[in-house]
Each structure stands twice: as C-alpha cells, then as structure tokens.
Colleague: 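I have a structure I would like to understand better, so I am pasting it below and will then ask my questions one at a time.
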Amino acid sequence: MVAVDPAWINGVQLDGVELRRVQAMAVMSDGTALGARGGVLPGSGGLAVSLVGSAITVGSGSAWVHRAGQGVYGVSLNSGGSHTLNAAHATLPRIDLVYLRVWDNSVDASGLNQADTVYLPGTASSTPSAPTPAGTQIYLPLATISVPASGGGSPSVNNSVARTVAPGGILPDPAAAGLYAGQYRDDGTGLQRYDGSAWGYVQPLGIGRVLWGRKTANTSRANTATVTADPHMALSVVPGTYAVDAFVIYSGDDAMELRLGWTAPAGTTGSWWPDAASNAANSLTYAPRWGAVTDFGPTTQPVGAVGTSNTLGCRIVGTATVTTAGTLALAWAQSVSGATATVVYAHSHLRLQRVS
C-alpha cells in the first residue's frame with residue numbers, strides 16, 4: 001500500500017501534480033481512473049476564435065486543460081491574444097488549428113510556466129486535416145480554420161471548443177461517449193440518457209409528448225398510384241409506441257379515388273383503420289367502409305371519392321410501435337392512376353402521441 005497526501009488537511013502540503021489530480025474530481029470524467037474531460041464551460045462563450053481578413057482573435061475565457069498523468073490545469077485568460085493567418089496555398093486547401101497551451105517546465109522542459117494560445121497552420125492537401133501539436137505539449141483544441149486554395153473563397157472558422165461540466169452535469173455534445181448508466185447529454189435535438197450500453201431519449205421526446213403535422217397548402221397528385229409521403233404530414237419519431245390520429249380532407253374522381261398508406265422507419269409495426277367512404281362509393285349517400293384494419297408496412301388501403309366537386313373527410317386511427325428513429329409520414333396517391341388529380345387539402349393533419 002502506498003500512502004498519499006490527502007487535500008484540505010492542516011499542515012499537509014501538496015505539490016502541483018497532486019493538486020491537479022485532486023481538481024479532476026470537479027470535472028466530468030474522460031472514462032479513465034485518474035482522467036478528466038478538459039474543456040470550456042458551456043454557455044460562457046469563452047475562448048471563442050474569430051477571423052477578420054487575416055487577423056485571428058481569441059476571446060477571453062477560462063478552461064480546464066487535461067494531461068494524462070498530470071491531472072487538470074485551470075487556465076483563465078483576460079485575453080486569448082491575436083495571430084496572423086498564413087496565406088492560402090496556390091492550389092490546395094488546408095485546415096489550421098488554434099489551441100490553448102499550458103507550458104509546464106516540469107513536464108515539457110520548455111523553461112516556461114504559463115498559458116497562452118497558439119496558431120498552428122496545417123498542411124495543404126487535396127484531403128486536408130487539422131494538425132496535431134507535436135512533442136509533449138499540454139493543450140486543448142479551440143477551433144479549426146478551413147483555408148481554401150488561393151482564389152477559392154474566404155477562410156471559415158469552426159469553433160469546436162471542447163466543453164466540460166461538473167460530474168453528473170449534462171454535456172451539450174452529441175458525440176460524447178457513454179461512460180456510466182445515468183449519464184446525460186444533449187445531442188442538439190433532445191435530452192439523452194445512457195443506460196450502460198446505449199443512449200436513449202428522455203423528455204421532452206418521452207412518453208406523453210404530442211407530435212403534430214398540419215397541411216398548410218393543398219397537394220394534388222395525378223397519373224400515379226404509388227403512395228409517397230405527404231409533404232406536411234411527416235413527423236420525426238424516436239423508438240416508442242404512438243397513438244395515431246389523422247384527419248384527411250380530400251377530393252377525387254370516383255374512378256381514381258384515394259389510396260392511403262405510410263412511410264415509416266424500418267421495423268415499425270402496428271395497425272390502423274381509415275374511417276371513410278368505401279372505395280366502391282359512387283355517391284354521397286354511400287355507406288362508410290367497415291373493417292379493413294391494416295398493419296403498418298407496405299400494405300395500403302383505398303378509400304372512396306365521388307367526384308372532384310365533392311370534398312370528403314377520412315379519419316384515421318391506429319397504433320404504431322417504432323423501433324428505429326426516423327420519420328413517420330402519412331403517404332398517399334390515387335388508387336387508380338389517371339389524369340384527373342386527387343387532392344388532399346390544407347388543414348388535414350397527423351397527430352401522434354407517444355404512449356410508451
């Protein structure tokens with residue numbers, strides 16, 4: 001057993017590496033026993049990189065910079081400084097890097113003990129990539145600058161600032177690795193929880209959420225009997241079970257009519273039923289259809305139309321179980337291809353409510 005110096009005891013002195021390792025307790029883990037996730041505080045806007053002409057400016061800010069075996073260095077800069085962008089290559093693009101560097105003489109033998117920002121030009125190439133600081137540098141990438149070949153346009157900055165939070169915090173990073181059951185991240189669409197093996201959405205994409213798609217304009221289709229997704233009644237879904245409720249306002253020639261179906265993520269199952277005039281209808285007094293409960297999938301259902309001057313309604317109900325994230329859309333076409341268009345009108349809607 002090896003004894004170590006604990007922090008915050010009177011008379012106990014800790015050297016730099018001991019203090020930095022203790023500080024790692026205040027930062028999100030990187031998945032290693034003595035590691036930490038370096039980065040800038042989310043929402044602070046700190047250490048942002050901007051470019052005007054060839055002048056690179058790095059704003060003020062604070063960050064944690066992690067080095068394996070050394071713990072985390074806390075850095076606060078009143079000004080990130082300025083740099084000058086190298087001229088573009090004559091024929092090839094490149095990607096440059098701006099990073100925050102900690103100079104620690106005891107680690108890198110630099111003769112310095114300070115922190116500042118560094119501009120590192122990349123290598124021009126037909127397939128450029130950002131450079132990597134060489135040697136034993138202690139650093140945190142802040143931004144990349146894409147520099148087109150000469151005459152190919154203006155350089156652009158990607159502020160790919162690494163972000164960190166305290167242990168248990170929510171990381172605003174869609175690429176954050178899952179490290180433990182109960183970890184949370186925001187992927188830019190919604191809140192996700194790691195269950196120990198995979199990420200899954202929680203509220204507001206969770207149980208009880210209502211998704212709504214309303215047609216804002218009429219859509220006409222002629223000379224096609226191949227159902228395709230409606231441009232307005234298409235909704236993004238995550239795995240779960242949804243109560244399906246749709247109202248379709250339509251008209252069409254009684255020889256062409258309307259055919260309904262769905263486009264859905266692979267593996268979607270469930271059943272649905274269109275409450276509308278039978279496809280054998282040829283007048284407004286014709287009785288509505290009965291039965292015709294259909295599985296979600298490639299099977300479609302025809303419903304009746306009784307002339308382009310008669311606007312009808314169809315109420316669709318059902319239940320859909322989605323196993324893969326994607327788009328669930330009401331799809332439709334003519335039941336029989338013909339030159340007289342079938343029309344689905346504005347104010348038709350699709351409503352999904354997640355129930356499990």
Side-chain angles (χ1 to χ4, degrees), residues 173-178 181 183-216 219 221 223-248 250 257-276 279 289 291-303 314-337 342 344 348-356:
D173 181 359
Q183 181 182 0
Y184 287 87
R185 73 179 185 187
D186 186 333
D187 73 343
T189 299
L191 184 63
Q192 294 183 316
R193 180 185 183 276
Y194 190 67
D195 66 6
S197 61
W199 291 99
Y201 285 103
V202 295
Q203 293 285 9
L205 296 180
I207 295 172
R209 186 180 186 190
V210 175
L211 304 175
W212 177 270
R214 179 182 69 88
K215 283 191 71 60
T216 57
T219 301
R221 291 177 178 170
N223 298 311
T224 179
T226 301
V227 299
T228 55
D230 185 89
H232 305 106
M233 292 184 285
L235 301 170
S236 295
V237 292
V238 298
T241 298
Y242 298 82
V244 179
D245 185 359
F247 181 57
V248 180
Y250 70 99
E257 302 186 307
L258 173 67
R259 181 169 292 275
L260 298 168
W262 301 89
T263 60
T268 299
T269 58
S271 297
W272 60 283
W273 174 60
D275 184 6
N279 60 306
R289 70 188 303 119
V293 174
T294 307
D295 290 339
F296 276 85
T299 303
T300 59
Q301 284 287 350
V303 297
C314 172
R315 181 73 178 272
I316 301 172
V317 294
T319 305
T321 298
V322 177
T323 57
T324 305
T327 300
L328 180 64
L330 182 65
W332 62 275
Q334 295 174 299
S335 186
V336 176
S337 178
T342 297
V344 173
S348 300
H349 70 259
L350 170 63
R351 181 181 184 273
L352 303 177
Q353 181 172 15
R354 188 172 174 187
V355 294
S356 69

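Both backbone and side-chain heavy atoms feed into the values below; hydrogens, waters and symmetry mates do not.
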Colleague: Do Asn223 and Ser337 have side chains that get closer than 4.5 Å, going by heavy atoms?
Modeller: yes
Colleague: Decide yes or no for Pro302 and Thr300: does some side-chain heavy atom of the first lie under 4.5 Å from some side-chain heavy atom of the second?
Modeller: no
Colleague: Working to the nearest 0.5 angstrom, can you tell me the gap between Phe247 CZ and Cys314 SG?
Modeller: 8.5 Å
Colleague: Can you tell me how far CD of Glu257 sits from CD of Gln334, rounded to the nearest 0.5 angstrom?
Modeller: 10.5 Å
Colleague: Just so I know, are the side chains of Leu235 and Leu328 near enough to count as touching, which here means a heavy-atom distance under 4.5 Å?
Modeller: no
Colleague: Where do Val303 and Pro274 come nearest, in terms of heavy atoms and distance?
Modeller: CG1-CB, 4.0 Å
Colleague: For Trp262 and Leu350, run side-chain contact (heavy atoms from CB on, under 4.5 Å): C-alpha distance rounded to whole Å, both residues' side-chain angles, the deciding distance at 0.1 Å, then the answer.
Modeller: CA-CA 12 Å; Trp262 301 89; Leu350 170 63; 3.9 Å; yes
Colleague: Quick one: pull up CH2 in Trp199 and CG in Asp187 and give me the separation to the nearest 0.5 Å.
Modeller: 9.5 Å
Colleague: Of all the heavy-atom pairs spanning Ala329 and Ala229, show the shortest one and how long it is.
Modeller: CB-CB, 3.7 Å
Colleague: Can you list the steps and then say if Val336 with Arg259 is a side-chain contact (heavy atoms from CB on, under 4.5 Å)?
Modeller: CA-CA 8 Å; Val336 176; Arg259 181 169 292 275; over 6 Å; no
Colleague: Please report the closest heavy-atom contact between Ala320 and Thr268, naming both atoms and the distance.
Modeller: CB-CG2, 4.3 Å
Colleague: Taking C-beta and beyond as the side chain, do Val244 and Leu352 meet within less than 4.5 Å on heavy atoms?
Modeller: yes
Colleague: Between atom CH2 of Trp272 and atom OG1 of Thr319, what is the distance when rounded to the nearest 0.5 Å?
Modeller: 13.5 Å
Colleague: Identify the two heavy atoms, one from Asp295 and one from Ser271, that lie closest to each other, and give their separation to 0.1 Å.
Modeller: OD1-OG, 3.4 Å
Colleague: Can you tell me how far the CE atom of Met233 sits from the CD1 atom of Ile316, to the nearest 0.5 Å?
Modeller: 7.5 Å
Colleague: Using 30° and 60° as the class boundaries, would you call the ring planes of Trp212 and His349 parallel, tilted or perpendicular?
Modeller: parallel
Colleague: How far apart are the C-alpha atoms of Val237 and Leu211, what are their side-chain angles, what is the distance that settles it, and do they pass the side-chain contact (heavy atoms from CB on, under 4.5 Å) test?
Modeller: CA-CA 9 Å; Val237 292; Leu211 304 175; 4.0 Å; yes
Colleague: I need the Leu260 CG to Gln301 CD distance, nearest 0.5 Å.
Modeller: 8.5 Å
Colleague: Any heavy-atom pair between the side chains of Arg354 and Val238 that's under 4.5 Å?
Modeller: yes
Colleague: Find out whether His232 and Thr219 are in side-chain contact, i.e. whether some heavy atom of one side chain is under 4.5 Å from a heavy atom of the other.
Modeller: yes
Colleague: Restricting to non-hydrogen atoms, name the atom on Arg221 and the atom on Trp332 that form the minimum distance, rounded to 0.1 Å.
Modeller: NH1-O, 2.6 Å
Colleague: Looking at Arg351 and Arg214, would you say the former's side chain and the latter's main chain have a donor-acceptor pair under 3.5 Å?
Modeller: no
Colleague: Looking only at non-hydrogen atoms, find the nearest pair between Pro265 and Thr324 and report the distance.
Modeller: CB-O, 3.0 Å
